[in-house]
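Counting convention: from 1, in listed order, for ligands and their atoms alike. What you see is a predicted model, and the numbers here were worked out from it, not measured in a lab.
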Amino acid sequence: MKLSISIICSLGITTVLAQHNLSWTPPGPDDVRGPCPMLNTLANHGILPHSGYNISQEITIKALSSAVNFTSNLAEFLFAFALTTNPEQNATVFNLHQLGTHDILEHDASLSRSDKFFNTSDAFNKDVFAETTSYWPGDVIDLQKAATSRHARALTSVGKNPSFTFSELARGFAHGEVAALPLVFGDRVAGTAPKDLVVSFFENERLPVDLGWKTPALAIGNLDLCEMTQRVINASGATLEQAQEILPCIDFDA
Ligand code: HEM
Ligand code: MG
């Protein structure tokens, strides 16, 4: 039953993505972007406001469901985190650059961004990303390669950045960001993603439709993201039982 609902929803969602017509324009001088390559991408396509400003819960839910088939519960959950980066009291919207406030959600040892200590942690950094991709040999990124790159970036930062921090929240987010890659770009059962799609996405902040990418057919809920995150933690060296203890999963969509 749940599966058939997901399939019906995803058919509708694919149509919505087609309706976006996927125009793409880089940010202009008055537009803001932040440290999340996917939210930047969606703004570049106009699926989120192209300015990067005034992103409400409703806008977030529509954008994430139409572009990457996230359930509204997962989008709502992420939106609540995003709101914590808006310094205004009782804010109902966030702006993409606010996500870059260091040590709220933005953390050190990102896959494609510098640590704040050295440089901006918002913009794509080709040297940092070159280190990450050096752990992705071959055409396919599996969970082992993804986890190894995640760990290597942390070790580099520990070694070089005297102000290195990695809170519990950062640890959860950092592994969750890696887990989003197979869910959005690849095969959720195998935990793999085609490297060309992932690299193109990071480098261009553009959905890689020209390389054959499509909106995932099955909806992605918080349980899918949480369980994939447990698999990344598992691939990082913890047993699956330890990963489940570190990050227990609750199904918001049940
Ligand atoms: C990174 C927020 C949705 C993929 C980040 C970061 C933030 C963030 C604050 C920076 C963390 C860092 O310092 O590296 C959000 C919010 C979302 C959202 C609030 C939804 C409302 C998504 C989605 C994807 C995604 C749908 C799907 C692929 C990533 C990836 C990174 C990231 C791969 C890591 C970038 C790196 O390490 O260089 N996100 N994100 N995010 N996000 Fe998002
Ligand atoms: Mg960062």
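- The main-chain N or O of R206 is never found under 3.5 Å from a side-chain atom of N44 such that the two would form a donor-acceptor pair.
- Under the 30°/60° scheme for interplanar angles, the aromatic rings of W24 and H45 are found to stand perpendicular.
- Ring centroid separation for the pair F77 and F79 does not come in under the 6.0 Å cut-off.
- Ring planes of F129 and F202: tilted class, angle from 30 to 60°.
- Counting heavy atoms closer than 4.0 Å to ligand 1, residue E177 contributes atoms from both its backbone and its side chain.
- Between F185 and F201, the ring planes are tilted. Angles from 30° to 60° get that label.
- Counting atoms of ligand 1 from 1 in the listed order, those under 4.0 Å from a heavy atom of P35 are 1 (C), 10 (C).
- Within ligand 1, counting atoms from 1 as listed, the ones closer than 4.0 Å to a heavy atom of A82 are 19 (C).
- Nearest protein heavy-atom neighbour of atom 43 (Fe) of ligand 1: C36 SG, 2.4 Å.
- Taking every heavy atom of E106 and a limit of under 4.0 angstrom, the matching atoms of ligand 1 come to 13 (O).
- Residue contacts with ligand 1 for V178 are absent, since no atom lies close enough (heavy atoms, distance under 4.0 Å).
- With salt bridges taken as basic N to acidic carboxylate O contacts below 4.0 Å, one links K62 and E58.
- To the nearest 10 degrees, the Mg ion (ligand 2) sees O of H107 and OG of S110 at an angle of 100°.
- Heavy-atom proximity to L99, at under 4.0 Å, picks out these atoms of ligand 1: 9 (C).
- Side chain of N125 to backbone of V128: a donor-acceptor contact under 3.5 angstrom is found.
- At least one N or O atom of L111, backbone or side chain, sits closer than 3.5 Å to an N or O atom of ligand 1.
- A centroid separation of less than 6.0 Å is found between the aromatic rings of F81 and F173.
- Summary of contacts: the protein heavy atom closest to atom 16 (C) of ligand 1 is L39 CD1, 3.5 Å.
- Regarding atom 9 (C) of ligand 1, its nearest protein heavy-atom neighbour is L105 CB, 3.6 Å.
- Salt-bridge annotation for R113 and D122: absent, with no side-chain N of the basic residue lying under 4.0 Å from a carboxylate O of the acidic one.
- Of all the heavy atoms of F81, none lies under 4.0 Å from any atom of ligand 1, so neither backbone nor side chain is involved.
- When non-hydrogen atoms are compared, ligand 1 lies under 4.0 Å from the side chain of T60 (C-beta onward) but not from its backbone.
- For a distance bound of 2.8 Å, the N, O or S atoms of E106 include one lying that close to the Mg ion (ligand 2).
- Interface of F70 with ligand 1, defined as ligand atoms under 4.0 Å from a residue heavy atom, comprises 26 (C).
- Neither the backbone nor the side chain of A75 has any atom closer than 4.0 Å to an atom of ligand 1 (non-hydrogen atoms only).
- Not one N or O on the side chain of H107 forms a donor-acceptor pair closer than 3.5 Å with the backbone of F166.
- Distance alone, capped at 3.5 Å, places no donor-acceptor pair between the K116 side chain and the D108 backbone.
- Taking distance alone, with nitrogen or oxygen atoms compared against 3.5 Å, S112 approaches ligand 1 more closely than that limit.
- Using a distance-only test at 3.5 Å, with no hydrogens or angles considered, a donor-acceptor pair links the side chain of K145 to the main chain of V140.
- Ligand 1 has no nitrogen or oxygen under 3.5 angstrom from a nitrogen or oxygen of R150.
- Scanning the protein heavy atoms around atom 14 (O) of ligand 1, the nearest turns out to be S110 OG, 2.6 Å.
- Nearest non-hydrogen protein atom to atom 35 (C) of ligand 1 is P37 CD, 3.6 Å.
- When the heavy atoms of L42, L78, N69 are ranked by distance to atom 21 (C) of ligand 1, first place goes to L78.
- Side-chain rings of Y135 and H151 stay apart, their centers remaining 6.0 Å or farther from each other.
- With hydrogens left out, the protein atom closest to atom 24 (C) of ligand 1 is M38 CB, 3.4 Å, a heavy atom.
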